[in-house]
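Please read the structure below before turning to the comments.
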Amino acid sequence: MSDERMIDTPQKTIGVLTSGGDAPGMNAAIRAVVRSGIAHGMKVMGVRRGYEGLLNGDLFEMSLRSVSDILQRGGTVLQTARSKEFCTEAGVQKAISIAKVFELDGLVVIGGDGSFRGARDLSTHGLPTVGIPGTIDNDIGCSEYTIGYDTCMNTVLNAIDRIRDTATSHERCSVVEVMGRNAGHIALNVGIATGAEVIVIPELPYDFDRDVLKPIFEGKSRGKKHNMVIVAEGVGGGVEMANRIEEMTGIETRATVLGYIQRGGSPTVRDRVMASQMGGKAVELLANGVGNRVIAYVNNQIKDFDILEGLSMKKSIDMEQYELFKILSL
Ligand code: ATP
């Protein structure tokens, strides 16, 4: 590149942060943003601890080598946080001032829908910001996939396979509570993959007698030696459900709340590739001066939507998949 060209086009600076709950693959996305940004001739600043770090001016320049050896690591090397101050008008104004101090021309926010609302606020206040869906729940309406979902499902699958081994040996019923506050995608997919007898998810109202007891009694009469009941966190009460099942059926029933093991671990191929593609796309948008977008995976393609439009889109549970689960659990 000639000196003349360097003078004509001042170097752009972009920031990258992770926000909300961590998800495996966030590091792969950070790496993609840093390396794609530098490849586009940009300076890339890492922001520690999400919007909280932005408000505190906790930014540092990242290099090609600063993202070496993180692709395979779970969690987020930038740390993540939730910031109440940032949700206020004064907080957003302060964040914009800090962004000016560090001469940011754009920002990439890796997180869930709450984080995207913050990204929209920054965009409307003059800092072009692009969101990348990073959340294990796969609960972003505009995208068929969110970073961390596949790794999380595989972690849950491995745990349930092990629980089933012991449940079969003891002829027990197992109730496993998995993540998913508002969405049952993890529960439904892992339920099919592990051959669960019962799946309880927030999207579908359930009746305990009809949807939990009946399949257990019917399975028993067909010779089943164990029962696997998967409950999404949003429905809650895995332990209470186990107690109720034992009381009503007389079958020894144990509850396992999988909790935070579902968040950690080395990302799968799918999460690493998806995070890399989404990171690259986010940088491409900012390089073209485009902000207020959210990256999405739709029909096997990486696309982008206006943040508000993306946030307004709804994703429902696949009822065909649910009906198939019921047949396969017979
Ligand atoms: P997860 O799905 O993993 O919970 P998330 O991005 O939805 O991820 P939140 O805690 O909802 O997680 O949001 C992360 C941060 O984004 C908040 O701490 C806050 O700083 C900011 N944020 C959330 N909601 C809003 C909002 N309505 N307006 C502006 N900023 C918001």
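For the numbers below, each heavy atom of this structure counts, side chains included, while hydrogens, waters and symmetry mates do not. Not measured: the values here are computed from a predicted model. Every number for a ligand or one of its atoms is a count from 1 in the order of the listing.
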May I ask which of M179, R120, R82 has a heavy atom nearer to atom 9 (P) of ligand 1 than the others do? R82
Residue pairs fulfilling ring-ring contact (aromatic ring centres under 6.0 Å, His included) with at least one residue in residues 133-173, sequence neighbours excluded: Y145-Y149
Where ligand 1 meets C87 - atom numbers and elements under 4.0 angstrom, heavy-atom basis: 19 (C), 22 (N), 25 (C), 30 (N), 31 (C)
Number the atoms of ligand 1 from 1 as they appear, then name those within less than 4.0 Å of a heavy atom of G20, with their elements. 8 (O), 12 (O), 14 (C)
What are the atoms of ligand 1, with element, lying closer than 4.0 Å to any heavy atom of D121? 28 (N), 29 (C)
Quickly, which of K224, R222, K326 forms a salt bridge (charged side-chain N to carboxylate O under 4.0 Å, His left out) with E197? Name it, please. K224
Distance-only N or O hit between ligand 1 and G112, under 3.5 Å: yes
For atom 21 (C) of ligand 1, which of A183, A95, G114 has the closest heavy atom? G114
Can you name the atoms of ligand 1, numbered from 1 with element, that are less than 4.0 Å from a heavy atom of S83? 17 (C), 18 (O), 19 (C), 20 (O)
Heavy-atom proximity to atom 27 (N) of ligand 1, best of R263, K84, R117, E85: R117
So CD1 of I307 and CG of L311: to nearest 0.5 Å the spacing works out to 7.0 Å
Considering only the protein, which heavy-atom contact is closest to atom 6 (O) of ligand 1, and what is its distance? S115 OG, 2.5 Å
Carboxylate-amine/guanidinium proximity below 4.0 Å for K214 and D209: no
Check whether any side-chain N or O of T155 sits under 3.5 Å from a backbone N or O of Q262 as a donor-acceptor pair, and report yes or no. no
Return the closest protein heavy atom for atom 2 (O) of ligand 1 as residue, atom name and distance. T135 OG1, 3.5 Å
Output yes when the distance from some N or O of ligand 1 to some N or O of G134 is under 3.5 Å, and no in every other case. no
Polar contact flag, side-chain donor to acceptor under 3.5 angstrom, T76-D22: no
Under 4.5 Å between any side-chain heavy atoms of T194 and I230, yes or no? yes
Does R181 reach ligand 1, in the sense of a heavy atom lying below 4.0 Å from it? yes
Suppose I only count heavy atoms of G21 and a 4.0 Å limit; which atoms of ligand 1 are within that range? 1 (P), 3 (O), 8 (O)
Pairwise side-chain contact, I110 with V16, heavy-atom cut-off 4.5 Å (strictly under): yes
Using a 4.0 Å cut-off to any heavy atom of S19, which atoms of ligand 1 qualify? 14 (C), 15 (C), 16 (O)
Is the side chain of D306 donor-acceptor paired with the backbone N or O of R293 at a distance under 3.5 Å, no angle test? no
Short N/O distance, under 3.5 Å, between D113 and ligand 1? yes
Steps toward salt bridge (Lys or Arg N to Asp or Glu O under 4.0 Å) verdict (K220, E218): CA-CA 5 Å; K220 195 176 172 189; E218 287 179 352; over 6 Å; no
Suppose I only count heavy atoms of Y51 and a 4.0 Å limit; which atoms of ligand 1 are within that range? 16 (O), 20 (O), 21 (C)
